[in-house]
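The structure appears right after this line, and notes come after that.
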Amino acid sequence: MAHPRHRLDDAFQTPIRFSLMAALGHRTEVDFRTLRDLLEANDSVLSKAIGHLEKAGYVKVIKGYVGNRPRTWIESTMKGHRAYQNHLLALRAISEGILD
């Protein structure tokens, strides 16, 4: 019987990456500025978190323009959403004392 902690995903081990995935929800596009303000993070910390999750295939970064101003949107991928949901299930199992 494996302890549920073995199902925790290392990609979500920092509070900012965990919070970022929670803020994105299921396939929701959110612009960088909104995420930064919502998560109360500075640009550098948020950029690093996005880069880490993008490398894992958990988020997609979309660059474009609104008028003549550059904008960046971030969206969770299906893979990222599933991984985040599995991570939450493992946390629930740990907190409720449920062992596999």
Side-chain angles (χ1 to χ4, degrees):
M1 221 183 254
H3 192 277
R5 78 175 179 280
H6 298 293
R7 295 192 325 259
L8 293 173
D9 192 317
D10 289 341
F12 309 126
Q13 292 300 312
T14 68
I16 190 71
R17 293 188 301 226
F18 183 82
S19 300
L20 174 59
M21 289 303 291
L24 290 177
H26 179 61
R27 311 274 302 182
T28 304
E29 254 182 39
V30 181
D31 70 279
F32 185 91
R33 178 184 284 171
T34 300
L35 279 173
R36 182 196 63 203
D37 295 345
L38 180 67
L39 300 177
E40 299 175 351
N42 65 45
D43 289 357
S44 175
V45 168
L46 183 56
S47 290
K48 287 177 187 174
I50 291 168
H52 186 89
L53 293 171
E54 184 179 30
K55 185 177 177 183
Y58 290 174
V59 299
K60 179 171 77 170
V61 176
I62 303 123
K63 298 212 179 246
Y65 288 86
V66 173
N68 61 354
R69 293 181 179 206
R71 290 282 189 266
T72 301
W73 294 270
I74 298 85
E75 176 182 25
S76 66
T77 63
M78 187 58 74
K79 176 183 176 183
H81 180 70
R82 277 194 304 264
Y84 181 70
Q85 291 304 309
N86 289 331
H87 186 80
L88 289 178
L89 289 172
L91 287 173
R92 282 188 194 109
I94 293 167
S95 68
E96 294 171 7
I98 300 169
L99 300 178
D100 290 338

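Counting all heavy atoms, side chain and backbone alike, Ala49 lies closest to Ile16 at CB-CG2, 3.8 Å. Annotation for Pro4 and Ala90: closest pair O-CB, 3.6 Å, computed over non-hydrogen atoms. Heavy-atom minimum distance, Met21 versus Ser76: CE-CB, 4.1 Å. Nearest approach of His52 to Ala11, heavy atoms of both residues: NE2-CA, 4.1 Å. What you find for Ala23 and Leu38 is that their closest heavy atoms are CB-CD2, 3.7 Å.
Applying the side chain to side chain donor-acceptor pair (under 3.5 Å) test to residues at least two apart or on different chains, the pairs with a partner in residues 34-51 are Asp31-Thr34, Arg36-Asp43. For residues 22-50, the ring pair (Phe, Tyr, Trp, His ring centres under 6.0 Å) pairs, not counting sequence neighbours, are His26-His81. Sequence neighbours left out, not one pair with a member in residues 77-96 passes salt bridge (charged side-chain N to carboxylate O under 4.0 Å, His left out).
Contact annotation: the side chain of Thr72 never approaches that of Ile62 to less than 4.5 Å [non-hydrogen atoms, C-beta and beyond]. Looking only at side-chain heavy atoms (C-beta outward), Trp73 and Thr28 stay at 4.5 Å or farther from each other. Put simply, the side chain of Leu24 does not reach to within 4.5 Å of the side chain of Glu75, judged on heavy atoms.
For Lys55, the side-chain contact (heavy atoms from CB on, under 4.5 Å) test picks out no residue, with sequence neighbours left out. Annotation: side-chain contact (heavy atoms from CB on, under 4.5 Å) contacts of Ala22 (sequence neighbours excluded): Tyr84. For Tyr58, the side-chain hydrogen bond (donor to acceptor under 3.5 Å, both in side chains) test picks out Asp9, with sequence neighbours left out. Evaluation of the side-chain hydrogen bond (donor to acceptor under 3.5 Å, both in side chains) rule for His87 yields no partner, not counting sequence neighbours. Not counting sequence neighbours, the partners of Arg69 by the side-chain contact (heavy atoms from CB on, under 4.5 Å) test are Arg71.
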Apply side-chain contact (heavy atoms from CB on, under 4.5 Å) to Ile74 and Val59, showing your working.
CA-CA 7 Å; Ile74 298 85; Val59 299; 3.9 Å; yes
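With values rounded to the nearest 0.5 angstrom, Arg7 atom CZ is found 8.0 Å from Asn86 atom CG. With rounding to the nearest 0.5 Å, the separation of NE2 in His6 from CG in Leu8 is 9.5 Å.
Remark: side-chain polar atoms of Ser19 are not paired, donor with acceptor, to backbone N or O of Leu39 under 3.5 angstrom.
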